[in-house]
Amino acid sequence: MTDHQHPDNQHLDPQHLDTLVIHAGQSKPRLAGAVVTPIVQSATFDFSGAHDGEALRYIRYHNTPNHEVLHARLAALENAEAALVVASGMAAIAAGLLSVLSAGDHVLVQDSLYGGTAALVDQDLARLGIDVERFDGRRAEQLEARLRPTTRAIYTEALSNPLVLVADHQAIIAFARQHGLVSMIDATFATPINFQPLDLGYDLALHSATKYLNGHSDIVAGVVAGQRERVAAAGTVMRHLGGALDPHACFLLERGLKTLALRMARHNANALAIARFLARHPAVRAVHHPGLEDHPDHARATRLFRGYGGVLAFDVGSDEAAARLLDRLRVMVVAPSLGGVETLVSRPKLTSHAGLDPQQRRQLGITDGLVRIAAGVEAPEDLIRDLEQALAS
Ligand SMILES: *Cc1c(COP(=O)(O)O)cnc(C)c1O
């Protein structure tokens, strides 16, 4: 195919995320002409004639054709210089933190962290001689008093779990810039469709691609995106730790990503529809979703995000009421995790926050009757009817 037959091809540079999720980073020419990137399931690659270690391809070096397409596509979605896929969200978070922090450093982390991240920073980083200190992400004015000469980085999450609170990301970034700190955000709950944190000023965006990016609850994967040198540093750590994503999982992630924009639109709409339904229901005491006008961070979420995401939580008042509700659901699936096409329901008390004692849970607002919904992409009417019958006394 010559250029003069398709004069636009040379200059067509898609801007819309809806298009980029499908086409960005496609290898040119396409491998064997295939429209879909084939799975290149080869641990090692022909090295004959090469005189330079840079040319060495190996799955653990995350540089097979399946990795490279994803790296380019995810970089385009995050508006980043570079991106890296790794074996899980935790691998991405570990790579991000360990590529920046050394013994003696101090890191400020948001207080409502994903459980795996909390364990990583409290157990492993602490053991490596890295000082970890919490701050309330919605009270950025707390940062000043916590700053030390050794403070090196600041770590947040786009939306908190399960109360979907929104940190004051702009103030946090401004603080990080002012003091030369590396700023990182776990943007799993938002995805680039709802929020592009690098555009706002974060240095590194991290994702559990297990969730929305893949979207089908069938792989575990993670992403690091940001400036080229920072992503390369995270990639070096991951080569050493050995957390590469297998090419077959790369293939599934690439397939899942193509529908990310379509899926997120529906996740956003379904969660908001369910939240509005629950807010009117007499058996429900409180509903937490940033799309609701009475959510404490509604204004900030509206300013920062293009969509409020697929997660919501609500309180049915007691342990017994929550247990009964989950037992009665017929369409929604009772399971932890989120981001898949099927609606998942869980009780934070028994899943994400099971490791805390009752008082710690109370402090975080994790009541006995709290139920989290990760809205899937089913018809909202069916989801609401399911809740309606499950909540009927
Ligand atoms: C699931 C999740 C992780 C961990 O991701 P894995 O892919 O399970 O390793 C990290 N952060 C958030 C916000 C998550 O939801």
Side-chain angles (χ1 to χ4, degrees), residues 62 70 74 78 83-98 109-125 137 155-167 169 184-195 197 202 204-225 234 237-238 241-246 249-250 252-253 256-257 260 264 267 271 288 290 305 308-313 335-340 342-346 348 351-355 364 366 372-376:
H62 42 75
L70 279 173
L74 289 158
E78 281 293 17
L84 170 74
V85 288
V86 292
S88 68
M90 284 312 303
I93 292 162
L97 288 166
L98 292 173
V109 303
Q110 195 176 322
D111 56 6
S112 53
L113 290 176
Y114 173 75
T117 308
L120 174 75
V121 300
D122 291 335
Q123 296 169 32
D124 302 289
L125 292 194
Y155 183 99
T156 67
E157 293 181 354
L159 290 147
S160 78
N161 179 43
L163 301 181
V164 270
L165 296 167
V166 184
H169 294 296
M184 316 183 203
I185 182 170
D186 176 343
T188 300
F189 275 40
T191 84
I193 303 301
N194 285 343
F195 178 47
Y202 274 103
L204 277 179
L206 309 167
H207 290 276
S208 169
T210 310
K211 314 295 166 53
Y212 294 108
L213 297 185
N214 178 62
H216 293 75
S217 311
D218 52 10
I219 62 164
V220 175
V223 176
V224 178
V237 168
M238 228 355 90
L241 295 182
L245 192 65
D246 184 78
C250 289
L252 289 172
L253 176 54
L257 264 180
L260 178 66
M264 285 316 294
H267 287 298
H288 308 273
F305 304 152
Y308 300 107
V311 176
L312 65 133
S337 198
L338 65 137
E342 55 287 290
T343 296
L344 300 183
V345 184
S346 60
T351 54
S352 54
H353 295 72
L364 289 173
I366 314 298
R372 185 186 82 175
I373 295 182

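The figures that follow rest on heavy atoms only: side chains count, while hydrogens, waters and symmetry mates do not. Counting starts at 1 for both ligands and their atoms, following the listed order.
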Note to self: Donor-acceptor check, side chain of Q110 to backbone of E157, threshold 3.5 angstrom: yes or no?
What the structure shows: yes
Margin query: Any side-chain to backbone donor/acceptor pair from T210 onto A221? Under 3.5 Å, distance only.
Written below: yes
Note to self: Between V86 and L245, is there a side-chain heavy-atom distance shorter than 4.5 Å?
What the structure shows: no
Notebook entry, point to check: Could you go step by step and tell me if L74 and L213 meet the side chain to side chain contact (heavy atoms under 4.5 Å, CB included) rule?
Noted result: CA-CA 10 Å; L74 289 158; L213 297 185; 4.2 Å; yes
Item checked: Those protein residues which place at least one heavy atom below 4.0 Å from ligand 1 -> S88, G89, M90, I93, Y114, D186, T188, F189, S208, T210, K211, V220, A221, L338
Check: According to the interplanar angle, ranging from 0 to 90°, do the rings of F305 and H169 count as parallel (below 30°), tilted (30 to 60°) or perpendicular (above 60°)?
Finding: tilted
Next item on the list: State, without any angle test, whether T156 and Y202 hold a side-chain donor-acceptor pair at a distance under 3.5 Å.
Entry: yes
